[in-house]
Amino acid sequence: MLKQQLNLKLSQKLSPQQIQLMKMIQLPTQAFEQRIAQELEENPALEGGKDEGENFDDEFSNDEFDDSYDEGNEVIETDINVDDYLSDDEVPSYKLSANNYSADDEERQMPYAAGTSFTQHLMQQLSTYRLDEEEKQIAEFLVGSVDESGYIRREIQDIVDDLAFTQNVYTTEDKVEKVLKVVQELDPAGVAARDLQECLLLQLERREQTPSVALAIDILDDSFDHFSKKHYKKLIQKFDITEDQLRDAIHEIEGLNPKPGGTYSGNNRIVEHVVPDFAIKIVDGELDLTLNGRNAPELHVSHDYTNMLKGYKESKDKSKAQKDAVMFIKQKLDAAKWFIDAIKQRQQTLYVTMNAIMHHQKEYFLSGDERKLKPMILKDIADKINMDVSTVSRVANSKYVDTPYGTKLIKEFFSESMKNDQGEDVSTKEIKKILEITISEEDKRKPLTDDKLAKILLEKGYPIARRTIAKYREQLDLPVARLRKEI
């Protein structure tokens with residue numbers, strides 16, 4: 001039996017040029033400059049700087065060349081999922097780091113001193129100790145096992161086994177423990193510890209042994225669990241001390257470094273700097289938006305190439321080699337013209353999108369008060385500027401704006417909405433800010449539980465469940481009430 005069906009399929013057809021434009025839109029300033037440099041290098045028909053010649057926009061769009069040599073070079077539109085095309089191996093590094101270079105509009109490069117690595121720093125110190133050959137091999141292996149935070153997170157028995165298998169050094173746990181004590185004498189204090197407790201104790205042991213330091217050592221040594229859980233009453237009872245004595249000891253511990261390897265100045269960590277793609281200023285009480293000038297380079301089509309094309313047009317004898325050369329020239333000219341147009345479209349798209357965001361969040365940009373951020377999702381802006389949601393997303397996820405209140409990632413201005421007790425839509429950002437302020441103003445001797453926080457926000461007009469309070473608190477990187485307690 002034959003069955004006739006009519007299937008309708010709606011698919012997005014994009015040319016390769018449109019896909020390239022989308023990629024350019026999502027590029028932040030520094031990555032965009034690299035893209036321009038690449039295009040200038042690859043296309044000799046594209047030149048930088050001001051164009052001081054005549055207008056040549058249409059000089060190479062003559063019918064003779066279009067009819068004779070465009071066959072087989074037309075843009076073929078295909079069914080394609082843009083997000084799939086831009087994903088996987090095509091994801092550029094700037095999307096992974098969410099940063100894009102120097103904070104100074106004029107600064108193009110950030111030089112770094114060669115320096116020495118953290119491991120080399122430890123090895124250099126190790127060379128000043130008197131060790132026999134076996135001890136030296138063990139010590140160097142231990143230093144090589146120190147991670148970037150300054151810890152050795154391996155069991156001694158595993159280290160003994162690895163020394164035998166990889167270094168051909170047959171030793172004992174006692175010998176490794178002995179050499180480990182030497183390695184733990186290196187700077188910075190606390191290095192080569194096997195856990196946080198040992199790391200803090202190593203640092204305290206190097207300090208002047210005042211009563212507060214001595215008590216801090218006893219607390220960490222005998223009651224680390226009570227200390228980490230802030231069971232202060234149990235500590236006072238166990239050590240028979242006053243609140244002031246406990247407070248002084250805790251003050252000593254709080255001044256220690258839990259990651260001794262993280263602050264080493266020679267660590268050669270690249271400091272990521274952000275180039276703001278936009279700047280918002282307040283001028284006479286009104287918002288003023290500008291696009292970073294590095295997003296608007298001066299480019300023009302090469303006059304040498306257009307002149308070569310003119311010469312062919314005026315030539316009577318056209319050889320095969322000439323025709324092939326002209327085909328190459330025309331392709332390069334077309335590509336250069338498209339690239340210049342694409343840059344203009346990119347500029348327009350960026351400006352229009354950010355302008356709509358700025359006006360939607362006008363109260364925030366005028367005051368800097370995060371409680372005045374309005375609910376805003378991608379579709380709100382897409383509808384305002386009559387563009388696709390994916391286009392707005394590419395601008396928001398990878399661009400920064402310099403405001404009077406600091407440089408911000410644009411996507412930070414987007415948030416879902418919730419209803420307050422008046423039935424009005426309020427931003428979840430506003431609620432989080434109020435929650436953060438409420439916690440900062442609490443009595444740290446009796447911090448507020450999530451249940452109490454929910455009641456306080458309800459009194460302020462925000463009916464939010466306890467589990468939602470817990471979720472927002474975790475997103476703000478704030479610990480539970482017990483861990484916020486102070487004495």
Side-chain angles (χ1 to χ4, degrees), residues 83 87 95-98 149 195-197 223-235 250 253-254 258-259 357 360-361 363-365 367-383 389-390 392-393 396-398 405-406 408-487:
D83 291 320
S87 64
K95 286 208 75 177
L96 303 178
S97 63
S149 296
D195 53 39
L196 177 60
Q197 181 182 14
S223 300
F224 185 74
D225 190 53
H226 287 334
F227 166 74
S228 61
K229 293 179 179 177
K230 296 198 174 184
H231 291 160
Y232 295 140
K233 288 184 179 178
K234 291 182 180 179
L235 291 173
I250 289 173
I253 297 171
E254 288 175 342
K259 292 184 178 180
I357 293 170
H360 190 96
Q361 302 291 5
E363 289 185 38
Y364 163 75
F365 285 116
S367 66
D369 188 347
E370 290 186 15
R371 289 171 292 182
K372 293 188 177 180
L373 278 171
K374 294 181 181 178
M376 181 175 72
I377 59 175
L378 295 172
K379 191 174 185 302
D380 293 333
I381 301 302
D383 289 345
V389 169
S390 64
V392 178
S393 175
N397 285 329
S398 59
Y405 326 106
K408 310 283 186 181
L409 184 61
I410 294 170
K411 73 175 182 181
E412 293 177 3
F413 304 128
F414 289 82
S415 65
E416 298 288 340
S417 64
M418 292 186 71
K419 299 281 185 185
N420 62 13
D421 58 357
Q422 303 295 315
E424 300 168 332
D425 285 331
V426 293
S427 169
T428 53
K429 294 260 185 185
E430 175 184 338
I431 297 170
K432 287 180 185 178
K433 190 64 181 178
I434 292 170
L435 176 63
E436 187 178 21
I437 292 171
T438 303
I439 291 175
S440 69
E441 294 175 348
E442 70 185 357
D443 179 1
K444 295 303 179 185
R445 295 172 65 92
K446 296 179 180 178
L448 300 166
T449 64
D450 291 343
D451 280 324
K452 289 180 180 177
L453 288 169
K455 289 178 182 176
I456 291 172
L457 261 70
L458 177 60
E459 291 170 1
K460 292 178 181 287
Y462 304 97
I464 302 172
R466 184 204 61 79
R467 63 180 179 275
T468 307
I469 292 287
K471 181 179 77 172
Y472 288 171
R473 178 177 51 70
E474 289 170 2
Q475 290 173 351
L476 291 167
D477 200 24
L478 296 169
V480 295
R482 175 172 53 79
L483 297 180
R484 300 199 304 272
K485 187 176 181 181
E486 297 176 4
I487 60 169

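Here the structure is a predicted model, which is why all the values come from computation and not from measurement. Values reported hereafter were calculated over all heavy atoms of this structure, with side chains retained and with hydrogens, waters and symmetry mates removed.
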Verdict with supporting geometry, D451 and K455, salt bridge (Lys or Arg N to Asp or Glu O under 4.0 Å): CA-CA 6 Å; D451 280 324; K455 289 178 182 176; over 6 Å; no
With Y405 via ring-ring contact (aromatic ring centres under 6.0 Å, His included) - residues at least two apart: Y364
Heavy-atom closest contact (L435 atom, I469 atom, distance): CD2-O, 4.0 Å
Backbone N/O of F224 and side chain of Q197: donor-acceptor pair under 3.5 Å: no
Atom pair CZ/CD of F413 and E370 - distance to nearest 0.5 Å: 9.0 Å
Between OG on residue S393 and NZ on residue K379, distance to nearest 0.5 Å: 15.0 Å
Closest heavy-atom pair and its distance - H360, I381: CB-CD1, 4.3 Å
Intermediate values then yes/no, salt bridge (Lys or Arg N to Asp or Glu O under 4.0 Å), K433 and E436: CA-CA 5 Å; K433 190 64 181 178; E436 187 178 21; 3.7 Å; yes
CG-NZ distance between L373 and K432, expressed to the nearest 0.5 angstrom: 11.5 Å
Minimum heavy-atom distance I250-F227, with the two atoms named: CG1-CE1, 4.3 Å
Distance-minimising heavy-atom pair for A396 and L378: CB-CD2, 4.4 Å
R466 (side chain) donor-acceptor with D450 (main chain) under 3.5 angstrom: no
Over all atoms of both residues, closest heavy-atom pair of L453 and L448: CD2-CD1, 3.7 Å
Minimum heavy-atom distance L196-P258, with the two atoms named: CD1-CB, 3.9 Å
Aromatic ring pairing H231/H226, orientation class (parallel under 30°, perpendicular over 60°, tilted between): tilted
Straight-line distance of N397 CG to S390 OG, nearest 0.5 Å: 11.0 Å
Rounded distance (nearest 0.5 Å) linking atom NZ of K452 with atom OG1 of T438: 14.0 Å
Approximate separation, where rounding is to 0.5 Å, of Y232 OH and R445 CZ: 11.0 Å
